[in-house]
Enquirer: 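Here's a structure for you.
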There are 2 protein chains.
Amino acid sequence: MAEFIHPNLADVPLTAALHALSDPARLAMVRNLAGAGELNCECALPSCAAPKSTRSNHLKVLRAAGLIETRREGRELFSRLRKKEFEARFPGLLRAVLKAE
Amino acid sequence: MAEFIHPNLADVPLTAALHALSDPARLAMVRNLAGAGELNCECALPSCAAPKSTRSNHLKVLRAAGLIETRREGRELFSRLRKKEFEARFPGLLRAVLKAE
DNA sequence: TTCGATAGTTCAAGAAACCCGAACTATTGA
DNA sequence: TCAATAGTTCGGGTTTCTTGAACTATCGAA
């Protein structure tokens, strides 16, 4: 399990960020992470919502879009929103998305 | 050619709006429309960028997401950004997207 | 009022992306 | 060392996207 690649936000295209946020399951993860500080894969999207391979893929997309940072602790992986960095890269975007609905 | 359906913005889910904006060609169209007032299909995305069936589909996605309004004038179709309505539905979102990059 | 050109839609099929079960890797605790 | 836990990767079935070809609608000119 090679450890995770966290892109430099400067290298993330706007369309990739929007794409990452445009899926209901991923958006739910982002909302959950915005509320909590850090969550593991299981808590980021409750198990009823999708099988773990799907959750894992969603987290990979969020990671590639610069939205989350993941670190291992024992056998769990904890992810946090890269809120400040993302905000610096796309001012107002995450705020607008979290506020909406 | 049945005329166009323009959804009530209240019925547009956030994820549909983000999905519509997450494609480079559609984002380019939105940027072009934000600059100009109204554009036809050809001008919204210059022909070099995609065949017309693709442009037509992209415009349909933008329409369904409540981002544009289209009207016929002779044999051309002109589209405009539904800027105010979209802004009222998703405050800050379009502004953040147009500002980015 | 018919014909040709222009503007765009719809259809269908091939290409690309997504989802999820099964098999695998990594870590821990007994 | 073994079983359990947490998550990844792989494969292939399904869905979605793209685009050429055929179609519809409108206009201007003969």
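Reminder, nothing fancy here: chain letters follow the sequence lines and each chain counts from 1. None of these values were measured; they are calculated from a predicted model. Just the heavy atoms: all of them, side chains too, but no hydrogens, waters or symmetry mates, feed the values below.
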Enquirer: Take atom NE2 of B:His19 and atom C1' of C:dA17, then tell me their distance rounded to the nearest Å.
Expert: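 Nearest whole value for this atom pair: 11 Å.
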Enquirer: Quick one: A:Glu76 CD to C:dG29 P, roughly how many Å, whole number?
Expert: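 Rounded to whole Å, this separation is 11 Å.
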Enquirer: Output yes when B:Glu101 and A:Arg89 qualify as a salt bridge under the 4.0 Å nitrogen-oxygen rule, no when they do not.
Expert: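 Salt bridge: yes.
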Enquirer: Under 4.0 Å between a Lys/Arg side-chain N and an Asp/Glu carboxylate O for A:Arg80 and A:Glu85?
Expert: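 Result for this pair is yes, salt bridge flagged.
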Enquirer: Would you kindly check whether a donor in the side chain of B:Ser53 faces an acceptor in the base of D:dG20, or vice versa, at under 3.5 angstrom?
Expert: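 When only heavy-atom distances are counted, B:Ser53 does reach the base of D:dG20 through a donor-acceptor pair under 3.5 Å.
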Enquirer: For the side chain of A:Pro51, counting heavy atoms from C-beta on, which of D:dG20, C:dG21, D:dG7 is nearest?
Expert: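 Minimum distance to the A:Pro51 side chain belongs to C:dG21.
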Enquirer: Rounded to whole angstroms, how far apart are CE on A:Met29 and P on D:dG7?
Expert: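 Rounded to the whole Å, the gap is 10 Å.
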Enquirer: Report which part of the nucleic acid B:Asn57 touches: base, sugar-phosphate, or nothing (heavy-atom distance under 4.0 Å, all strands).
Expert: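 Base, at least one base atom sits under 4.0 Å.
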Enquirer: Cation over ring, A:Arg72 on A:Phe78, under 6.0 Å and within 45°?
Expert: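 No, A:Arg72 and A:Phe78 do not form such a contact.
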Enquirer: Find the distance B:Leu59:CG to C:dT10:C1' and express it as a whole number of Å.
Expert: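 Going from CG in B:Leu59 over to C1' in C:dT10 covers 15 Å.
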Enquirer: Taking the side chain of A:Ser56 as its heavy atoms from C-beta onward, which of C:dG8, D:dT8, C:dT9 lies nearest to it?
Expert: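 Nearest to the side-chain atoms of A:Ser56, counting from C-beta on, is D:dT8.
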Enquirer: Rounded to whole Å, please give me the gap between CD in A:Glu3 and P in C:dT25.
Expert: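 About 16 Å, once rounded to whole Å.
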Enquirer: Is A:Lys60 near enough to D:dG7 that one of its side-chain N or O atoms lies under 4.0 angstrom from OP1 or OP2?
Expert: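 Answer no for this pair, as no side-chain N or O of A:Lys60 is under 4.0 Å from OP1 or OP2.
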Enquirer: Toward the 5' end of DNA chain C, which comes first, A:Glu73 or A:His58, by nearest nucleotide?
Expert: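 Result of the comparison: A:His58.
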Enquirer: Without decimals, in angstroms, what is the distance between A:Phe78 CZ and D:dT5 P?
Expert: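 Atom-to-atom, A:Phe78 to D:dT5, this comes out as 16 Å.
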Enquirer: Both A:Arg75 and B:Lys52 contact DNA chain C. Which one's nearest nucleotide lies toward the 5' end?
Expert: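 Its nearest nucleotide being more 5', the pick is B:Lys52.
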Enquirer: Look at the side-chain N and O atoms of B:Thr54 and state whether any lies under 4.0 Å from the OP1 or OP2 oxygen of D:dT19.
Expert: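 Checking B:Thr54 against D:dT19: at least one side-chain N or O falls below 4.0 Å of OP1 or OP2.
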Enquirer: For the pair made of CZ in B:Arg72 and C1' in C:dA7, what is the distance, rounded to whole Å?
Expert: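 Distance check: B:Arg72 CZ to C:dA7 C1' gives 8 Å.
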Enquirer: Closer than 4.0 Å, any side-chain N/O of A:Arg63 to the OP1 or OP2 of D:dT8?
Expert: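 It does, given that an N or O in the side chain of A:Arg63 lies less than 4.0 Å from OP1 or OP2 of D:dT8.
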Enquirer: For B:Arg71, is there an ion pair with B:Glu38 - N to carboxylate O distance below 4.0 angstrom?
Expert: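 Salt bridge present between B:Glu38 and B:Arg71.
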Enquirer: Taking CZ from A:Arg55 and P from D:dT9, how many angstroms apart are they, rounded to a whole number?
Expert: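 A:Arg55 atom CZ is separated from D:dT9 atom P by 15 Å.
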Enquirer: Could you give me the CA-CA distance, side-chain angles and deciding distance for B:Leu81 and B:Ile68, then say whether side-chain contact (heavy atoms from CB on, under 4.5 Å) is met?
Expert: CA-CA 4 Å; B:Leu81 256 194; B:Ile68 64 171; 4.3 Å; yes
